[in-house]
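First the proteins, then the strands, lettered A, B, ... as listed; each starts at 1. Both backbone and side-chain heavy atoms feed into the values below; hydrogens, waters and symmetry mates do not.
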Protein chains: 2
Amino acid sequence: MSPDARLSWKDVRDEIRDAILSGRYAPGDRLPRDADFAAMLNCARSTVQRAMQDLSDSGIVERRRKGGTRVRPDPVTRAMLEIPVIRREVEQKGGRYGYQLIRQAEAVPPAGICAACGLAAPAPMLRVEALHLSDGQPYILEDRWISLDTVPEIRAVDLTAQSANEWLVLNRPYSRCDLRLYAIPAETGAARLLGTAPGAALFVIERTTWIDTAPITTVRAIAAPGYQLVTQS
Amino acid sequence: MSPDARLSWKDVRDEIRDAILSGRYAPGDRLPRDADFAAMLNCARSTVQRAMQDLSDSGIVERRRKGGTRVRPDPVTRAMLEIPVIRREVEQKGGRYGYQLIRQAEAVPPAGICAACGLAAPAPMLRVEALHLSDGQPYILEDRWISLDTVPEIRAVDLTAQSANEWLVLNRPYSRCDLRLYAIPAETGAARLLGTAPGAALFVIERTTWIDTAPITTVRAIAAPGYQLVTQS
DNA sequence: TGACAGAATATGTAGCTACATAATACAAAC
DNA sequence: GTTTGTATTATGTAGCTACATATTCTGTCA
């Protein structure tokens, strides 16, 4: 690599970000045009464009056609969350994965579940309750509703052998996913299954997935005490 | 727009994604080369490249030089989390924002805080405890440590008038941010400040920010009961 | 003064080429 | 048979051009 190698778009991004971070451009300020940056940094406009796109994606900068690019006056923290399949998560942490089906029944979902799935009228669904274990210890308790309209084959799957989580992920890719994170006190039943005291603070990941506009499943995954979701960017 | 308008990279992405979702390519399968897709869809390879990049970012496919592109055998859920400045969050929900400084003192941080900041040796920091309110009700209780090495000016800021959250966001942009999400039972002090019972399940967002490798601040934001973090993608 | 049409402008996108880089496959040498 | 070097191949990146699109600015006319 020669000393004056060409700048990659990441170099350009870092250059511009540093200029912003150093205070050379204050929040709300308008930045030079892409073409000017290109001239300043001696690279192509397309390179600056890619860099700016990235800065825009990460919430540092705001871009508007004709309006130009300006430093976001109200920065937001944007971070990528990654939620793997539970078996993989356990194994990646070095644990031995285990799984228990607790209950499985077709039922008409309550209004809350219909709302999460964006259903106006209740449709028949399969409710599956299961426990995921790590090294024999309760790890995540899931309470899942699966749309029988969208996934009728689920009736034929043996959910004592394979978790619905895993089967769906492998057989029913989704096009959209909503997440909802919060904390709840353990109910008596959940507490018993998770091996904790009733009322304990539990972390919940609620996830609904769709294929196009058809709901596939909505899960409430209740994590055992001590569970943490970590991101970094 | 003519009927056979050129495909945008998003069209190409959707086309390929649909092919995967429909099962035409199964998890683990190798996809055609970018150039082949380009020929099939009658567009440029760069357009396919952008589409594939996006599919790769969202965790649907895996790309390797020479190895080609394959459908991820172990799909992960990736979602973008967006955490605004608290004042904005409250106002966006239509609430009236309020703020109270509870305590502020220079101190040597405990080991846990040093670790979060990646500090080997304890350095003096400013600890700030404050309560954010929505319509007069407790909303988020924050327990913050600010690095006096990185942000000495914070000593001169009147934190009764403006929250550290806001001042830092406007004056100290960061280059890196780690998030940690979990649930805890309310301690006596936190319970009183948040107007809830001791032991109540509370949602916690822990965030540490750096400028390059220098830690700026680490916060533990404890949300009042009912708080939910929502994402969609 | 106000409304509206059209010009100007900055970003967004697509296409092409050329070359870089990483991973694999294969063949030669020991 | 194993190792090592080289060729091949698929993706990654940069540069350029051309044109699309959204907004703002400006000038004209009522």
- Item | Contact list for residues 21-30 of chain B, test side-chain hydrogen bond (donor to acceptor under 3.5 Å, both in side chains), sequence neighbours left out | none
- Nearest-Å distance, NZ (A/Lys10) to C1' (D/dA14)? 14 Å
- To the nearest angstrom, the CZ-P distance between B/Phe37 and D/dA10 comes to 14 Å
- Tell me which residues in residues 46-56 of chain B put a heavy atom below 4.0 Å from DNA chain D, sorted by number, or none. B/Gln49, B/Gln53
- By side chain to side chain donor-acceptor pair (under 3.5 Å), which residues pair with A/Glu82, not counting sequence neighbours? B/Arg78
- Quick one: B/Glu62 CD to D/dT11 C1', roughly how many Å, whole number? 14 Å
Strictly under 3.5 Å: I want the nitrogen or oxygen pairs between protein and nucleotides 5-10 of chain C, one per line.
{"residue": "C/dT9", "atom": "O4'", "partner": "A/Lys66", "partner atom": "NZ", "Å": "3.2"}
{"residue": "C/dA10", "atom": "OP2", "partner": "A/Arg33", "partner atom": "NH1", "Å": "2.6"}
{"residue": "C/dA10", "atom": "N3", "partner": "A/Lys66", "partner atom": "N", "Å": "3.4"}

- Counterpart residues, side chain to side chain donor-acceptor pair (under 3.5 Å), relative to A/Glu166 (two or more places apart): A/Arg87
- Query: Hey, is the side chain of A/Arg45 poking within less than 4.0 Å of OP1 or OP2 on D/dG15, counting only N and O atoms?
  - Reply: no
- Message: Using the salt bridge (charged side-chain N to carboxylate O under 4.0 Å, His left out) criterion, which residues pair with B/Arg45? Sequence neighbours excluded.
- Response: none
- May I have all residue pairs that pass ring-ring contact (aromatic ring centres under 6.0 Å, His included) and include part of residues 132-172 of chain B, sequence neighbours excluded? B/Tyr97-B/His132, B/Tyr99-B/His132, B/Tyr139-B/Tyr227
- Taking the side chain from B/Asp212 and the backbone from B/Ala214, do they hold a donor-acceptor pair closer than 3.5 Å? no
- Message: Checking B/Asp36 now: which residues fulfil side chain to side chain donor-acceptor pair (under 3.5 Å) with it, not counting sequence neighbours?
- Response: B/Arg33
- Task: Please name all residues satisfying side chain to side chain donor-acceptor pair (under 3.5 Å) with A/Arg88, sequence neighbours left out, ordered by chain then number.
- Result: B/Asp74
